[in-house]
**Q** 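Shown below is the structure under consideration.
Starting from 1, each residue takes its place in the sequence as its number. Both ligands and their constituent atoms are indexed starting at 1 by order of listing.
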Amino acid sequence: MKTAVFGGSFDPPHNGHLALCLFARELAGLDRLTVSVSKNPFKAPADASDDDRATMARLFVAELNTAGKFAEMSDWELQQPGPSYTIDLLRHVAALHQGDDLVLLVGEDSYRQIPQWRESQAITKLCDIAVFGRSGAKLAAASCGGILPTAMLFDFDMPVSATEVRRLAAAGQPVSHLVPQSIAAYIESHSLYRA
Ligand code: ATP
């Protein structure tokens, strides 16, 4: 079985995440996908609460599974006492699905940061890495020291970010063109990201 891991802040999940996961399912031949809500030590604190991000990630997984069930949401990282690291998540998933081939899904911006991640060499031993292009990610290249790990590169261009969704919501603008319908409804009904 081929099991993929896709971690993110999901603050909120958006159409870029959705397309990436559906592309990966087809192009990388995934049997299952773990979508993990992170407490990323490298990112600014999330705007939405952990509970809201977890709920939105569950809605996101339900959207993914409308085309046939393959994804599950994991709040394992949120339950850990401190910051969580990708290597810990991968070891957790590997223990759950022993014998599976693991694939880590990342956008190009995240990929370029991997040499700075904790135990980055252990990550590359534990899993394959599938990278999805992201406009603007090349800007991050200059700030990234170290050698980038071998990876499968997928041509991908969905210029959507959670930052842009939060910015629009804070300005009282619609976000329904950038996020799945269930997430747009959740943001609206819970007044998330309002300035
Ligand atoms: P923010 O704008 O708050 O930084 P984000 O849009 O990057 O958030 P995350 O939840 O931090 O969303 O991203 C999780 C993963 O999805 C990362 O590996 C990121 O590179 C990838 N990703 C997010 N959006 C895209 C996109 N539009 N194209 C390709 N990869 C993406």
**Q** Looking at ligand 1, does any of its N/O atoms fall within less than 3.5 Å of an N/O of P159?
**A**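 It does not: no N or O of P159 is found under 3.5 Å from an N or O of ligand 1.
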**Q** If the cut-off is 4.0 Å to any non-hydrogen atom of V160, which atoms of ligand 1 fall inside it?
**A**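 Numbered from 1, ligand 1 contributes 24 (N), 26 (C), 27 (N).
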**Q** Please state which option from F23, F132, F6, F156 has its nearest heavy atom closest to atom 28 (N) of ligand 1.
**A**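 Among F23, F132, F6, F156, the closest heavy atom to atom 28 (N) of ligand 1 belongs to F156.
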**Q** Could you tell me whether the side chain of D128 reaches within less than 4.5 Å of the side chain of M152, counting heavy atoms only?
**A**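 They are in side-chain contact.
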**Q** Please work out whether any backbone atom (N, CA, C, O) or any side-chain heavy atom from C-beta onward of D11 is under 4.0 Å from ligand 1, and answer side chain, backbone, both or neither.
**A**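 No part of D11 comes within reach of ligand 1.
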**Q** For ligand 1, which part of Y111 has a heavy atom less than 4.0 Å away: the side chain, the backbone, both, or neither?
**A**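 No part of Y111 comes within reach of ligand 1.
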**Q** Which residues pass the salt bridge (charged side-chain N to carboxylate O under 4.0 Å, His left out) test with E119, sequence neighbours left out?
**A**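 Result, salt bridge (charged side-chain N to carboxylate O under 4.0 Å, His left out) vs E119: R91.
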**Q** Using a 3.5 Å cut-off on N or O atoms only, is F10 in polar contact with ligand 1?
**A**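 F10 vs ligand 1: N/O contact under 3.5 Å present.
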**Q** Under 6.0 Å between ring centres, would you say that holds for F23 and F154?
**A**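 That pair fails the under 6.0 Å test.
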**Q** Taking only heavy atoms of M158 into account, list the atoms of ligand 1 that are under 4.0 Å away from them.
**A**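 Under 4.0 Å from M158, ligand 1 has these atoms: 26 (C), 27 (N), 28 (N).
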**Q** Does an N or O from G107, backbone or side chain, lie closer than 3.5 Å to an N or O of ligand 1?
**A**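 For ligand 1, there is an N or O atom that lies under 3.5 Å from one belonging to G107.
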**Q** Any idea which part of R166 is under 4.0 Å from ligand 1, heavy-atom wise: side chain, backbone, both or neither?
**A**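 For R166, the contact with ligand 1 is made by the side chain alone.
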**Q** Hydrogens and angles aside, do Q181 and S176 bring a side-chain donor and acceptor to less than 3.5 Å of each other?
**A**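 No.
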**Q** Quick one: which of R134, R167, Q113 has a heavy atom closest to atom 25 (C) of ligand 1?
**A**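 Selected option, by shortest heavy-atom distance: R134.
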**Q** Need the ligand 1 atom indices (1-based, order shown) with element for anything under 4.0 Å from a heavy-atom of G7.
**A**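 Ligand 1 atoms under the 4.0 Å threshold to G7: 14 (C), 15 (C).
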**Q** L105 to ligand 1: N or O pair under 3.5 Å?
**A**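 In fact, backbone or side chain, L105 has no N or O that close.
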